[in-house]
Protein chains: 2
Amino acid sequence: MNAPMSIQSCGNCGLASMCLPLALTQPEMTQLDGIIKKSTPYRRGESIFRQGDAFTSIYAVRAGMVKTTLVNARGEEQITGFYFPGELLGLNGLHENIYAGTAIALETVSLCEIPYTKLDELSALLPELRRQLMRQMSQEISDEQNMMLVLAKTSAEEKLGNFLIRLSHRFKRLGFSATQFRLTMSRVDIGNYLGLAVETVSRTLTKLQQRGVIKVEGKEVTILDMSGLSCLNGTCEEPAKVLSVG
Amino acid sequence: MNAPMSIQSCGNCGLASMCLPLALTQPEMTQLDGIIKKSTPYRRGESIFRQGDAFTSIYAVRAGMVKTTLVNARGEEQITGFYFPGELLGLNGLHENIYAGTAIALETVSLCEIPYTKLDELSALLPELRRQLMRQMSQEISDEQNMMLVLAKTSAEEKLGNFLIRLSHRFKRLGFSATQFRLTMSRVDIGNYLGLAVETVSRTLTKLQQRGVIKVEGKEVTILDMSGLSCLNGTCEEPAKVLSVG
DNA sequence: GGTAAACATTGATTTAGATCAACAATTGGA
DNA sequence: TCCAATTGTTGATCTAAATCAATGTTTACC
């Protein structure tokens, strides 16, 4: 090992999180090309894989946003996540060789496809990769446990506050503005994800806007008072309690 | 490779799911002993690790039941899972080397402790282990996504039906009765986990009992009509709709 | 560029489950 | 074996958010 290990963007798929070319040699790079496939872009509404399909590959999002959904026996459908460039899809297919959910493009989406059968080969090539994969799964477990908390314990306002803040973080990480971004998903999708009716999503966004915390213009959102939002989220110091005196 | 690979119970910790002694040689077994630690039992209420602690080990439950919880900045606490013998704790500590939740013994609990630093060593010894670990994480992701669906989309009755059925499956897998078992956790814990008030848990159990679907005697539960419960869960065929005629 | 479909907002009404309150049943320690 | 503490049940009331309903707005496709 010559250079200090660093996680950087991969030329092949443009991803910081998935691809870890730790000063790869040229032949190694060439090998990589043969393993990671660039698949043709998916269009809005197209599914990348469907619940119950044979598990063949995991996917790293290159560009565009993806949602994943889970349907139960009674036909109720839950959006289980929104995936941004740099994030991995299909991690929960490993335990029974079947995709445990459906992934759908919310806009035009590019992906890196990593065939599961090649994962060992790839890991041998990039020893750090498997560990990185474990970290990502670990992260996903944490995120979903946090989501359980949000779904079970918080009000509509807190849910939306939390949602917007997490979106903000992810846009920031991608190098975009943390305070002004576009909601790629519909209000229905937001409601479904947060366990709220569409009408409640609408009303709550309006309420937050009236309070001056955010500005909403259709799908465009501006966060005007980040700490105001954070407070909803509980991630800021409790504002000094104003006790009514005498 | 001589014998066909099979996942069987590990003499060291009695676990089918975690330990994979694929016809190990004696020296290998000896090595294992040095890596997997049997820790002293934890008593009811004791914590195995706490949210924010430095991540050192993952744990496999040998005996007894464990709950894990997550606390957010505002102090709201959510039970994120109940862990049975054979299941793994601490899988979501990997991504930032900090435990992302707290694990608490619900009764006297025995564990196998697997120091994270030994995981590579162990994986080299048992090549199947790392894959098994990935499968377990994958399973946990799926379980939590299912939980998101339950929390966001189902009624109190459905939540409890789903809860009891999942408990039933796990007792069955452990070789115990699938229709009669003890609720190790309190009603408060059940409510917290399912996003319900205690009172609602109590009332709903009573209602299910009155309907003859279950029998409840304190912590002892008997499932009298499994398909009745499954219907709540949506995992059975829709019962023929009785249309009122004329 | 027009029109149907999909998506979003706002208001009125209903409801499932939370909260408040009182009491009963277990549990565990002296 | 008793008593305090914890845990569980049941009833009455309240409320946040769902549902129902009507209308406005954007999108995408002939």
Side-chain angles (χ1 to χ4, degrees), chain A residues 43-46 65 67 76-79 104-108 149-164 182-211 214-221 232, chain B residues 43-46 65 67 76-79 104-108 149-164 182-211 214-221 232:
Chain A
R43 305 254 295 286
R44 182 174 139 76
E46 282 185 326
M65 203 183 293
K67 70 173 175 184
E76 288 147 336
E77 187 167 359
Q78 173 73 26
I79 294 177
I104 292 172
L106 284 174
E107 54 193 328
T108 302
L149 195 159
V150 169
L151 286 172
K153 298 280 177 322
T154 73
S155 67
E157 230 173 67
E158 290 170 302
K159 283 175 181 175
L160 272 154
N162 178 284
F163 178 69
L164 290 175
R182 193 177 170 71
L183 297 173
T184 312
M185 68 294 287
S186 69
R187 302 288 198 269
V188 174
D189 279 350
I190 297 174
N192 181 301
Y193 181 59
L194 296 176
L196 298 172
V198 210
E199 295 94 325
T200 305
V201 173
S202 227
R203 271 188 261 271
T204 306
L205 287 177
T206 304
K207 210 194 298 175
L208 290 176
Q209 179 164 30
Q210 283 167 352
R211 208 183 298 161
I214 57 173
K215 199 173 93 180
V216 188
E217 283 171 290
K219 294 200 170 284
E220 215 64 43
V221 171
L232 284 180
Chain B
R43 304 255 295 285
R44 183 174 140 77
E46 283 185 327
M65 204 183 292
K67 71 173 174 183
E76 289 147 335
E77 187 168 359
Q78 172 72 27
I79 294 177
I104 292 173
L106 285 174
E107 54 192 328
T108 303
L149 194 159
V150 169
L151 287 171
K153 299 278 176 323
T154 73
S155 66
E157 230 172 69
E158 291 169 301
K159 283 175 180 173
L160 273 154
N162 178 284
F163 178 69
L164 290 175
R182 193 179 170 71
L183 297 173
T184 311
M185 67 293 288
S186 70
R187 302 287 199 268
V188 174
D189 279 351
I190 296 174
N192 181 300
Y193 180 58
L194 296 176
L196 298 171
V198 211
E199 295 94 326
T200 305
V201 173
S202 227
R203 272 188 260 272
T204 306
L205 287 177
T206 305
K207 209 194 301 177
L208 290 177
Q209 179 163 30
Q210 284 166 350
R211 208 183 299 162
I214 57 173
K215 200 172 93 184
V216 188
E217 283 172 292
K219 293 198 170 284
E220 216 62 44
V221 171
L232 284 180

Mind checking [X] for me? I need base, sugar-phosphate or nothing, with any heavy atom below 4.0 Å counting as a touch.
X       : result
A197(B) : base
S202(B) : base
K207(B) : nothing
G195(A) : sugar-phosphate
L205(A) : nothing

Tell me the closest heavy-atom pair linking [X] and [Y], and the distance in Å.
X       : Y       : result
V221(B) : L164(B) : CG1-CD2, 4.4 Å
L151(B) : A152(A) : CD2-CB, 4.1 Å
R187(A) : V216(A) : NH2-CG1, 3.6 Å
K207(B) : E157(B) : CD-OE2, 3.4 Å

- Task: Please report how far the helix from dG1(C)-dC30(D) to dA30(C)-dT1(D) bends, comparing the axis fitted to its first five pairs with the axis fitted to its last five, to the nearest 10 degrees.
- Result: 60°

Take the protein atom [atom1] of [X] and the nucleotide atom [atom2] of [N], then report the distance between them rounded to whole Å.
X       : N       : atom1 : atom2 : answer
K153(A) : dA16(D) : NZ    : P     : 18 Å
Q210(B) : dT9(D)  : CD    : P     : 12 Å
R187(A) : dA17(D) : CZ    : C1'   : 18 Å
E199(A) : dG24(D) : CD    : C1'   : 15 Å

- Item | Charged N-O contact under 4.0 Å between E220(B) and R182(B) |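 Yes, charged N to carboxylate O under 4.0 Å.
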
- Item | Test side chain to side chain donor-acceptor pair (under 3.5 Å) applied to S186(A) - qualifying residues, sequence neighbours left out | none

- Task: Under 4.0 Å from any heavy atom of chain A: name the first and the last nucleotide of DNA chain C that qualifies, 5' to 3'.
- Result: dA8(C) to dA12(C)

- What is the distance from atom CD1 of I190(B) to atom CZ of F163(B), rounded to the nearest 0.5 Å?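 Reported to 0.5 Å precision, the distance equals 4.5 Å.
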
- Message: Both G218(A) and V201(A) contact DNA chain D. Which one's nearest nucleotide lies toward the 5' end?
- Response: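 Nearest nucleotide further toward 5': that of V201(A).
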
- Item | Whichever of R203(B) and M185(B) has its nearest DNA chain D nucleotide further upstream toward 5' | M185(B)

- Would the number of heavy atoms belonging to other residues, nucleotides or ligands and lying under 6.0 Å from NZ of K215(A) be above 12? no

- Mark yes or no for whether S202(A), through its side chain, and V198(A), through its backbone, hold a donor-acceptor pair below 3.5 Å. no

- Message: Of the listed nucleotides (dA17(D), dG8(D), dT7(D)), which one gets closest to any side-chain atom of R44(B)?
- Response: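 For R44(B), the side-chain atoms sit closest to dT7(D).
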
